[in-house]
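Not measured: the values here are computed from a predicted model.
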Amino acid sequence: MFIDINKIGPEGVRLDSELGLPDLEGAGGELLPVRGATLSATAFKGSRGAEIRGRLEATVGVVCSRCLEPLDEAVKADFFLLAVPQTVEQPEQGNEDDPEEMARQDALLLVPDGRVDLEAVAAEQIYLNLSRKPICSGDCKGLCSGCG
């Protein structure tokens, strides 16, 4: 699924979609199944490209970092992207002391053909919002149920 930023009208674009994302690759090379991924987003034409605000929700199959049992992790992420055609002159590096300017730089997405791949955006948001050390429960004792 794509948004063509060259075809966004003055009224913008609203999307609500279920995504059929493939399994993602974990840090150790294991496959992380993604289920129930939904994306809601609005895109408006800006002076340099398109401003995309959205929310992603998905369930990802991960492994407990203590006991190695499989579990499902719910991922909910709000995001903002400034999609800019790659042909547009890139902005100068902003003031590193200005948090707003740095956030705008972090949100910059270069799109060479003017099309934003929403499945790639969704996969990136899942990676950015997954727990680094998922735990099945607060009282998980790990591999040894006796001593923890």
Colleague: For residues Ile135 and Ser65, report the shortest heavy-atom separation together with the two atoms involved.
Modeller: CG1-OG, 4.0 Å
Colleague: Rounded to the nearest 0.5 Å, what's the gap from CZ on Arg14 to OG1 on Thr42? Could you check?
Modeller: 6.0 Å
Colleague: Measure the spacing between CG of Leu19 and CD of Glu57 and express it to the nearest 0.5 Å.
Modeller: 12.0 Å
Colleague: Applying side-chain contact (heavy atoms from CB on, under 4.5 Å) to Leu108 and Val84, what does each step give before you reach the verdict?
Modeller: CA-CA 7 Å; Leu108 192 63; Val84 178; 3.4 Å; yes
Colleague: Using the side chain to side chain donor-acceptor pair (under 3.5 Å) definition, which of the options Asp78, Asp16, Thr38 pairs with Arg55?
Modeller: Asp78
Colleague: Please step through side chain to side chain donor-acceptor pair (under 3.5 Å) for the pair Glu73 and Thr59, ending with a clear verdict.
Modeller: CA-CA 6 Å; Glu73 182 175 345; Thr59 301; over 6 Å; no
Colleague: Between CG of Leu143 and SG of Cys67, what distance do you get to the nearest 0.5 Å?
Modeller: 7.5 Å
Colleague: Do you know which two heavy atoms are closest between Asp72 and Gly61, and how far apart they sit?
Modeller: OD1-CA, 3.9 Å
Colleague: If two hydrophobic side chains count as joined below 4.5 Å and joins carry through other members, does Val34 share a cluster with Leu130?
Modeller: yes
Colleague: I'd like to check Arg48 versus Leu82 (side-chain heavy atoms, cut-off strictly below 4.5 Å). Are they in contact?
Modeller: yes
Colleague: Is a donor on one side and an acceptor on the other found under 3.5 Å between the side chain of Tyr127 and the backbone of Leu24?
Modeller: no
Colleague: In this structure, would Leu15 and Phe2 fall into the same cluster of hydrophobic residues linked by side-chain contacts under 4.5 Å?
Modeller: no
Colleague: Looking only at heavy atoms, which two atoms of Cys64 and Leu71 are closest? And how far apart?
Modeller: N-CD2, 3.2 Å
Colleague: Same cluster for Leu81 and Met1 if Ile/Leu/Val/Met/Phe/Trp/Tyr side chains link at under 4.5 Å?
Modeller: yes
Colleague: Restricting to non-hydrogen atoms, name the atom on Ala122 and the atom on Leu56 that form the minimum distance, rounded to 0.1 Å.
Modeller: O-CD2, 3.4 Å
Colleague: Working to the nearest 0.5 angstrom, can you tell me the gap between Leu21 CG and Arg35 CZ?
Modeller: 12.0 Å
Colleague: Heavy atoms only: give me the nearest Arg66-Cys140 pair and the separation to one decimal.
Modeller: NH1-O, 3.2 Å
Colleague: State the CD1-CG distance between Ile52 and Leu118, to the nearest 0.5 angstrom.
Modeller: 6.5 Å
Colleague: Is it the case that one hydrophobic cluster holds both Leu32 and Leu128, taking links as side-chain heavy atoms less than 4.5 Å apart, direct or via other members?
Modeller: no
Colleague: So, does Lys45 use its side chain to make a donor-acceptor pair with the main chain of Ile5 at under 3.5 Å?
Modeller: yes
Colleague: Check whether Glu30 reaches the backbone of Gly28 with its side chain - one donor and one acceptor, N or O, closer than 3.5 Å.
Modeller: yes
Colleague: For a quick test of reading the model, state the closest non-hydrogen atom pair linking Pro33 to Asp23 and the distance between them.
Modeller: CA-OD1, 3.2 Å
Colleague: Answer with yes or no whether the hydrophobic clustering places Ile126 together with Phe79; edges join I, L, V, M, F, W, Y residues whose side-chain heavy atoms lie under 4.5 Å apart.
Modeller: yes
Colleague: Answer yes or no: is there a donor N or O on one side and an acceptor on the other, between the side chain of Arg53 and the main chain of Phe80, under 3.5 Å?
Modeller: no
